[in-house]
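What follows is a single structure, written as structure tokens, with notes after it.
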Amino acid sequence: MNAPATTAHLQPLTTPRPVPQAMLDALAARFGAQYSAAQAVCEQHGRDEGSLQAPPPAAVVFAENTQDVQDAVRLAAQYGVPVIPYGAGSSLEGHLLAVQGGISIDMGRMNRVLSVDADDLTVTVQPGITRKQLNEAIKDTGLFFPIDPGADASIGGMAATRASGTNAVRYGTMRENVLALEVVTASGEVIRTGTRAKKSSAGYDLTRLMVGSEGTLGLFTEVTVRLYPLPEAVSAAICSFPTIEAAVRTVIQTIQLGVPIARVELIDANSVRMVNAHSKLRLREEPLLLMEFHGSPAGVQEQAEVVQDIAREWDGNAFEWATTPEERTRLWTARHNAYFAAVQSRPGCKAISTDTCVPISRLADCLLDSVAEADASGIPYFLVGHVGDGNFHFGYLLDPAVTAERETAERLNHQLVARALRLGGTCTGEHGVGVHKMGFLVDEAGEGAVEMMRAIKRALDPQNILNPGKIFAL
């Protein structure tokens, strides 16, 4: 494989490009209090939630509107300086790292809802609004935005990384839910892609090209996404299983039977123990499925009964229901806090997260072999997965001072990705490529496809100033 199995690439190759003082002076003059070159501010904008590190950007611009983004990008183009868009800082694969230096453009103040078109089930927002802020803003419409990657990520960042999360099995990913974009290009021009119509055959699909481009082709300044009616009835349930295989087989059979389950999350026994300690729960410390059903009261009941019957075939037990909003919130909060629960279980550790996705028919093969390897390694870990669409994550809990543990984790990740690719899967189901998975992308797509991506990048960003050093090397 092209991706290395050692820790050598954990500190990415950094080749900083100079940021002329004249440009910094121009930024300071144009943006005033919206500009900062303070070390603490730059360091905050030079790291994400992943394990990679690089020197921080030279300065940060806090954009408040499209014109701000245009002006910052135009100055960057004038001086040939990289620009890195910053949303909520919750990415995991080094997307925010200033590996070639440059400036960060913080979109956090661009957090307004611009228009809600309830009749058409769409909303247009600025990129800095987070998913929770969006749902709070539209709660009186009877609609909601379902994409839930766990972290309270920004909508712009979610579009840039093609994020998904717990609801993807029912509602899809950002790929299916972004309808249109306003984008600032490498030259500082503003273009629009897509419309609010449900479909179009007009020319190249630039929206799909931009979604998942990780800030390398343009900076999003408006995002139009689909909304969905709040379901008439919602019910959540948990079910414990004697083995991970039994839990996974239950999921596979549920999906293959066409049950329109909204969420189905796998939590292994290690994770359950950590969540119990962190969230003061009393879940059975066995592999567990956390499920949610949406629809009419009758439909929800029917879905739940079918899944209960399937679970019984695989020795599922202790099927427990959470029908009130408070009970559901408690369970899903515990699931979303699994990462923090795991980190607290080993004080001082660093969690290295993996992210693969395979066809649902190969989920058991991929997951069980990966669990066996993780168990044999001796490294503490937790396992969670959006297994309804074949996506799962290991979190290896490492002592950051022990090189051998880092090397073991990278070896396990390398073997996991190689297995997923052999089974027809992908190296990243939702985290994106960033810096860490550049080699894996070549393994998955092939040199010819990656070279086509490079050709698109060169055509749209000839100076290579838009988040350079991500997805692939030029």
Side-chain angles (χ1 to χ4, degrees), residues 11-50 52-91 93-111 126-129 153-154 156-157 160-161 183-190 213-221 434-435 461-471 474:
Q11 301 308 319
L13 179 64
T14 57
T15 54
R17 292 149 64 174
V19 181
Q21 186 61 45
M23 178 183 172
L24 298 178
D25 292 343
L27 289 170
R30 163 62 177 83
F31 291 101
Q34 293 173 241
Y35 165 86
S36 178
Q39 181 177 356
V41 174
C42 292
E43 288 179 350
Q44 176 195 354
H45 288 77
R47 61 175 180 263
D48 60 10
E49 294 296 330
L52 305 179
Q53 296 180 348
V60 179
V61 170
F62 294 88
E64 296 181 355
N65 51 53
T66 298
Q67 188 64 58
D68 285 348
V69 178
Q70 275 190 280
D71 290 349
V73 172
R74 283 170 177 166
L75 279 170
Q78 178 183 338
Y79 289 97
V81 169
V83 290
I84 306 160
Y86 183 97
S90 58
S91 58
E93 301 293 352
H95 297 93
L96 307 179
L97 301 186
V99 293
Q100 294 190 22
I103 65 166
S104 173
I105 300 183
D106 188 319
M107 305 288 196
R109 298 181 186 179
M110 296 179 65
N111 61 359
Q126 292 181 308
I129 194 170
S154 69
T161 56
V183 182
V184 174
T185 69
S187 65
E189 179 186 1
V190 175
S213 62
E214 302 183 15
T216 64
L217 299 180
L219 279 67
F220 305 158
T221 50
V435 176
D461 181 16
Q463 294 187 89
N464 191 27
I465 63 170
L466 298 181
N467 208 13
K470 315 297 163 58
I471 304 183
L474 282 180

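Nothing fancy with the numbering, it's 1 onward along the sequence.
- Between V184 and V190, the shortest heavy-atom contact is CG2-CG2, 4.1 Å.
- Here the shortest heavy-atom pairing between L24 and V19 reads CD2-CG1, 3.6 Å.
- Side chain of E49 to backbone of S90: no donor-acceptor contact under 3.5 angstrom is found.
- Of all the heavy atoms in S154 and G128, the pair that sits closest is CB-O, 4.0 Å.
- Taking OG1 of T221 as the start and CG of D68 as the end, the distance is 11.0 Å to the nearest 0.5 Å.
- With hydrogens and angles disregarded, no donor-acceptor distance shorter than 3.5 Å links the side chain of K470 to the backbone of E93.
- Nearest heavy atoms, A98 versus P56: CB-C, 4.1 Å.
- Counting heavy atoms from C-beta on, the side chains of P468 and L474 never come closer than 4.5 Å.
- A search for ring-ring contact (aromatic ring centres under 6.0 Å, His included) contacts involving F62 returns H45, not counting sequence neighbours.
- Between atom OG of residue S213 and atom CG of residue L219 there is a gap of 9.0 Å, rounded to the nearest 0.5 Å.
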M23 vs I103, side-chain contact (heavy atoms from CB on, under 4.5 Å): CA-CA, chis, key distance, verdict: CA-CA 10 Å; M23 178 183 172; I103 65 166; 3.8 Å; yes
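- Distance check: Q70 CD to N65 CG gives 9.0 Å after rounding to the nearest 0.5 Å.
- Legend: residues meeting side chain to side chain donor-acceptor pair (under 3.5 Å) with R74, ordered by chain and number and at least two apart, are absent.
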Show the numbers, then the answer: is there a side-chain contact (heavy atoms from CB on, under 4.5 Å) between L96 and S104? CA-CA 8 Å; L96 307 179; S104 173; over 6 Å; no
Could you walk me through whether V61 and R30 pass the side-chain contact (heavy atoms from CB on, under 4.5 Å) test, one step at a time? CA-CA 10 Å; V61 170; R30 163 62 177 83; over 6 Å; no
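- Between Q44 and D106, the closest side-chain pair of non-hydrogen atoms is not below 4.5 Å.
- Atoms NE2 and CD1, on H95 and I84 in that order, are 12.5 Å from each other to the nearest 0.5 Å.
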Can you list the steps and then say if T66 with Q126 is a side-chain contact (heavy atoms from CB on, under 4.5 Å)? CA-CA 9 Å; T66 298; Q126 292 181 308; 5.9 Å; no
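- Scanning all heavy atoms of the two residues, the minimum distance from A59 to Y35 falls at CB-CE1, 3.5 Å.
- Counting heavy-atom neighbours within 6.0 Å of Q39 CD, excluding the residue itself, gives a total of 12 or less.
- Atom OG of residue S187 and atom CD of residue Q463 lie 10.0 Å apart, to the nearest 0.5 angstrom.
- Closest approach of I465 to V73, counting heavy atoms only: CD1-O, 4.5 Å.
- In this structure, the separation between CE on M107 and CZ on F220 is 9.5 Å, given to the nearest 0.5 Å.
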